Protein chains: 2
Amino acid sequence: MSTSDGGGAYHHGDLRRSLIVAAHALLRAGGVEAVTLREAARLAGVSHNAPYRHFASREALLAALATEGFRALRQALDDAGRRAEPGGRLTALGRAYLRFADADRATFRLMFGGVVEEAGHPDLAEASGAAFGALRSVVAEREPSAGAEREALRAWALVHGLAHLVADRQIDAERAEACLT
Amino acid sequence: MSTSDGGGAYHHGDLRRSLIVAAHALLRAGGVEAVTLREAARLAGVSHNAPYRHFASREALLAALATEGFRALRQALDDAGRRAEPGGRLTALGRAYLRFADADRATFRLMFGGVVEEAGHPDLAEASGAAFGALRSVVAEREPSAGAEREALRAWALVHGLAHLVADRQIDAERAEACLT
DNA sequence: ACCTGAACACCGTTCAAGT
DNA sequence: ACCTGAACACCGTTCAAGT
């Protein structure tokens, strides 16, 4: 009801969301360093100070972006896993992982760039844990033998490394996908 | 002669180097966002404007840090390759790569974080190319068969992914090294 | 609750000088 | 050549108000 009642007094039914959308646009366009509270506020049409009602600091806004990124990644991994036959599940998840990195390089880098530390951002830690959990469980299901943990870690690292190389434009997404077997 | 003649008029025989050292300390202590020209100048004992004699912009300073990082990485890879027997060369390089990421996480992230683009920084592009070349040549020497390119890329991605996981503190360096076989 | 304007200490960058 | 001080437009963050 608060979203569409058209009241004129407050600009937004959901300023928090507007700020995240604006910040995401800034992130995609110019990387982390282009994400500023003041510019996000400008894009959302509010004063430079309004964001503090929703984010305690610039880092909190960045943490929210990273959190959304991990949720989207987890969603993509889950969808890929559901659509694949059991035998091809790991490859399907790997492809989804690589496509995520390729489609939103800036967010991928924010998620893994160390600018926001998970400590002190429980939502972020939870979202990141959930995304890794989705990947790990599928890896584990394919490697139930002895030495499974090491093989699971290798598979994870391979996908993760390929994703970084894709995000850094060192290789293109197709070559990366061909490495998944 | 200019380094130690103790002339009092100019603070430094090599302000450029002093600034890089200062910026590196800032990078290690607080990540990319903590690297500012003004603070580096302060640490070097010069006015906030002096750095512009040596770096055209903040990004140029960051590019210099990344360049030094790639040179150090290349050095570490070369040393590791020289010390290893031919059969264990790839593993040795992988270990050196992981140790580099573990020892200087912030620089590793700067090198691969996308904040500085290689285009427009030829020194950086050259240093990065040289480091990758060292890795690639050893990978290629171990995989001379058909499908070699794909296997080389897999090996590279594995090491790179492990290094990122180490830099992000998702796994520790020992577990990562155990994955190199 | 949610928003605003003024204020403070920072930063990158430029300019006009000084030796 | 190399350095300085003043200046400008930004930014994060805080404070005192307004509805």
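What you see below is based on every heavy atom in this structure, not just the backbone, and it leaves out hydrogens, waters and symmetry mates. This structure is a prediction, so every number in the text was calculated from the model and none was measured. Residue numbers begin at 1 in each chain, while the letters A, B, ... track the order of the sequences.
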For atom C1', what is the distance between D/dC11 and C/dC8, given to the nearest Å?
12 Å
Between A/Glu68 and A/Arg17, does a salt bridge (charged side-chain N to carboxylate O under 4.0 Å, His left out) hold up when you go through it step by step?
CA-CA 11 Å; A/Glu68 300 249 315; A/Arg17 179 112 308 262; 2.7 Å; yes
Expressed in angstrom and rounded to an integer, what is the separation of B/Tyr52 atom OH from D/dC3 atom P?
15 Å
Closest contact, heavy atoms only, B/Ala66 versus B/Leu110:
N-CD2, 3.9 Å
Would you mind reading off the distance between A/Asp14 atom CG and C/dC2 atom C1', rounded to a whole angstrom?
13 Å
Please table the atom pairs, donor to acceptor, closer than 3.5 Å between any side-chain atom in residues 48-65 of chain B and protein atoms at least two apart or in another chain.
| residue | atom | partner | partner atom | Å |
| --- | --- | --- | --- | --- |
| B/Ser57 | OG | B/Glu59 | N | 3.4 |
| B/Ser57 | OG | B/Ala60 | N | 3.2 |
| B/Arg58 | NE | B/Val35 | O | 2.8 |
| B/Arg58 | NH1 | A/Glu33 | OE1 | 2.5 |
| B/Arg58 | NH2 | A/Glu33 | OE2 | 3.4 |
| B/Arg58 | NH2 | B/Val32 | O | 3.1 |
| B/Arg58 | NH2 | B/Val35 | O | 3.3 |
| B/Glu59 | OE2 | B/His121 | NE2 | 3.2 |

Nearest-Å distance for atom pair CG/P, residues A/Asn49 and D/dG18
16 Å
Exam field: side chain A/Arg28 to backbone A/Asp104, donor-acceptor pair closer than 3.5 Å
no
Compile the donor-acceptor pairs under 3.5 Å between side chains in residues 75-88 of chain B and protein atoms, sequence neighbours left out, one pair per line.
| residue | atom | partner | partner atom | Å |
| --- | --- | --- | --- | --- |
| B/Asp78 | OD2 | B/Arg74 | NE | 3.2 |
| B/Asp78 | OD2 | B/Arg74 | NH2 | 3.4 |
| B/Asp79 | OD1 | B/Arg82 | NH2 | 2.8 |

Short N-O contact, B/Arg105 and B/Asp168, less than 4.0 angstrom
no
Side-chain donor-acceptor pairs under 3.5 Å in residues 153-165 of chain B, sequence neighbours left out?
| residue | atom | partner | partner atom | Å |
| --- | --- | --- | --- | --- |
| B/Arg154 | NH1 | A/Cys179 | O | 2.5 |
| B/Arg154 | NH1 | A/Thr181 | OG1 | 3.0 |
| B/His160 | ND1 | B/Tyr97 | OH | 2.8 |
| B/His164 | NE2 | A/His164 | NE2 | 3.4 |

Gap between atoms CG and C1', on B/Leu26 and C/dC10 respectively (whole Å)
14 Å
Quick one: the dot-bracket string of DNA chain C, using Watson-Crick and G-U wobble pairs with both distances under 3.5 Å, [ ] for crossing pairs and | for bases paired to another strand.
||.|||||...|||||.||
Interface with DNA chain C, restricted to residues 53-63 of chain B and to heavy atoms under 4.0 Å:
B/Ser57, B/Arg58
Please work out which residues in residues 29-42 of chain A have a non-hydrogen atom less than 4.0 Å from an atom of DNA chain D and list them by number.
A/Thr36, A/Leu37, A/Arg38, A/Arg42
Hey, quick one: are A/Ile171 and B/Phe70 part of the same hydrophobic cluster, counting side-chain heavy atoms closer than 4.5 Å, chains of contacts allowed?
yes
Starting from P on D/dT13, measure out to NE2 on A/His48 and report it in whole angstrom.
12 Å
Is any side-chain heavy atom of B/Asp102 less than 4.5 Å from a side-chain heavy atom of B/Asp172?
no
Ring centres under 6.0 Å, that's the criterion: do B/Phe112 and A/Phe112 meet it?
no
Do A/Ser128 and A/Met111 touch side chain to side chain, with heavy atoms closer than 4.5 Å?
no
